[in-house]
There are 2 protein chains.
Amino acid sequence: MAGGAALPPKENHAETFARLRDAHAREVTEDYVEMIADLIVEEGEARAVSLAERFGVTPATVNNTIKRLERDGFVSSRPYRSIFLTDAGQTLADKCRDRHKIVYDFLIALGLDAQIAEFDAEGIEHHVSAETLDVFRAFTKSSKGEI
Amino acid sequence: MAGGAALPPKENHAETFARLRDAHAREVTEDYVEMIADLIVEEGEARAVSLAERFGVTPATVNNTIKRLERDGFVSSRPYRSIFLTDAGQTLADKCRDRHKIVYDFLIALGLDAQIAEFDAEGIEHHVSAETLDVFRAFTKSSKGEI
DNA sequence: ATTAAAAGTTAGCCGATGCTAAATTGATTT
DNA sequence: AAATCAATTTAGCATCGGCTAACTTTTAAT
Ligand SMILES: [Mn+2]
Ligand SMILES: [Mn+2]
Ligand SMILES: [Mn+2]
Ligand SMILES: [Mn+2]
């Protein structure tokens, strides 16, 4: 692939895209639980109106998404009240926040500016395997050593 | 963000997610034109059955996607015949193939194995800005220098 | 030339993620 | 207490990207 054939062997290729579709299916969930956790830290609670503003979507869209998250066991909410993470939601949020920070810090360590790092990390975070994350973390750490 | 507040200023935050949604909207298109270009190189033509096998989806799904690509001016096709890229499609495919390779080679340069690099590159490629791509390219190049 | 197999198409379905417009509820002000 | 304003919910819609099942067309084998 690197320098050879244009395509990987066809027997394995579909697995790559199956993983990609899986990652996609989780992206919105991951961004929401992470955002809810951050809002609770920063503003004391997570309101639908804040989520709508942060994501740049309408309140109706937030409502739909929150219902899916509730169905999937990541949040709890009561009508007209703010939104809470379940234990599963908090666990996922912690994992996503760590991962997000590792990706962001890695992009900064590579010399990118904060705005670009923020943009790209928001997408990249959902597509880094555990192995890649380890390498990112190690790179950032070692790049801090060699001032 | 790096070490400070949990969240970026709310005035700018929505832009990050707007870009993310834009990138999403382009992912399938980008993967298809790239795959079509690669199949034409490797097999002489791009058949729906090959796309279905490569992506791990059904022929019906390929058909739907090809219709959207045709509607959007990236491919041309006639019933029961193989699929061709328009000029716009070829241009996009070339761009995507380059970008894909830069991301893949960067992950390899970081020390990741081929399988992981293949998996992660397939997702990451859609979320790297031009700036990040430049940095990736430079890193790969310099890592080749210092054997 | 028939037949069988492979490839492609069509119809109809679903879930995810977005939207607008209207209705409802809760909070604030007067 | 009423009225207003802000927040939330609901209803109804659209597109994308997936699916199965049935059908048609092309290609390959006999
Ligand atoms: Mn994200
Ligand atoms: Mn994130
Ligand atoms: Mn891809
Ligand atoms: Mn690609």
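In what follows, every chain begins at residue 1, and chains take the letters A, B, ... in the order their sequences are listed. Remember, predicted model here, so these are calculated numbers, not experimental data.
For the pair B/Arg78 CZ and C/dA7 P, the computed distance is 19 Å after rounding to whole Å. What separates CG of A/Leu69 from P of C/dG15 is a distance of 17 Å, to the nearest Å. What separates CD of B/Glu30 from C1' of D/dG17 is a distance of 16 Å, to the nearest Å. Per the geometry, CZ belonging to B/Phe74 stands 13 Å off P belonging to D/dC16, to the nearest Å. Straight-line distance from the CG atom of A/Asn64 to the C1' atom of C/dT20: 12 Å, rounded to whole Å. Counting to the nearest Å, the C1' atom of C/dA16 and the NE2 atom of A/His24 are 13 Å from each other. Summarising the geometry, the separation between CG on B/Asp22 and P on C/dG18 is reported as 12 Å, rounded to the nearest angstrom. Rounded to a whole Å, the CZ atom of A/Phe55 is 11 Å from the P atom of C/dT17.
Between A/Arg21 and A/Pro79, the residue anchored closer to the 5' end of DNA chain D is A/Pro79, taking for each the nucleotide with the nearest heavy atom.
For the helix from C/dA1-D/dT30 to C/dT30-D/dA1, the axis fitted to the five pairs at one end and the axis fitted to the five pairs at the other end meet at an angle of 0° (nearest 10 degrees).
Between C/dA16 and A/Arg68, no contact under 4.0 Å exists linking OP1 or OP2 to a side-chain N or O. In this structure, A/Lys67 does not reach the D/dT9 phosphate: none of its side-chain N or O atoms is under 4.0 Å from OP1 or OP2. An OP1 or OP2 oxygen of D/dT27 is reached within less than 4.0 angstrom by a side-chain nitrogen or oxygen of B/Arg81. Put simply, B/Thr61 has no side-chain N or O that comes within less than 4.0 Å of OP1 or OP2 on D/dG17. Taking 4.0 angstrom as the limit, A/Asn63 places none of its side-chain polar atoms (N or O) nearer than this to OP1 or OP2 of D/dT8. OP1 or OP2 of D/dC16 has at least one side-chain nitrogen or oxygen of B/Arg71 nearer than 4.0 Å. At the phosphate of D/dG17, neither OP1 nor OP2 sits under 4.0 Å from any side-chain N or O atom of B/Thr65.
For the residue pair A/His13/B/Glu53, the side-chain donor-acceptor check at 3.5 Å is not satisfied. In this model, no donor atom of one side chain and acceptor atom of the other lie less than 3.5 Å apart for A/Glu70 and A/Ser76. B/Thr16 and A/Glu118 are linked by a side-chain donor-acceptor pair at a separation below 3.5 angstrom, with hydrogens and angles left out of the test. A donor and an acceptor atom, one from each side chain of B/Glu125 and A/His127, are nowhere located under 3.5 Å apart. Checked by atom type, the side-chain pair B/Ser143/B/Thr140 shows no donor-acceptor distance below 3.5 Å.
Applying a 4.0 Å cut-off to non-hydrogen atoms, the residues of residues 32-52 of chain B that approach DNA chain C are B/Arg47, B/Ala48, B/Val49, listed by residue number.
Under a 4.0 Å N-O distance rule, the pair B/Glu45/B/Arg47 qualifies as a salt bridge. Ion pairing between A/Arg99 and A/Glu30 holds under the 4.0 Å rule for side-chain N and carboxylate O.
Not a single donor-acceptor contact under 3.5 angstrom links the side-chain atoms of B/Tyr80 to the base of C/dT9.
At a threshold of 4.5 Å between non-hydrogen side-chain atoms, the residues B/Leu107 and B/Ile116 do not count as touching. At a threshold of 4.5 Å between non-hydrogen side-chain atoms, the residues A/Phe106 and B/Leu110 count as touching.
Proximity note for A/Val28 (side chain, C-beta onward) versus C/dT17, D/dT10, D/dG17: the nearest is C/dT17. Candidate nucleotides D/dG18, D/dT20, D/dT9 were compared by shortest atom distance to the side chain of B/Ala60, and D/dT20 ranks first.
Counting heavy-atom neighbours within 6.0 Å of A/Asp87 CG, excluding the residue itself, gives a total of 12 or less.
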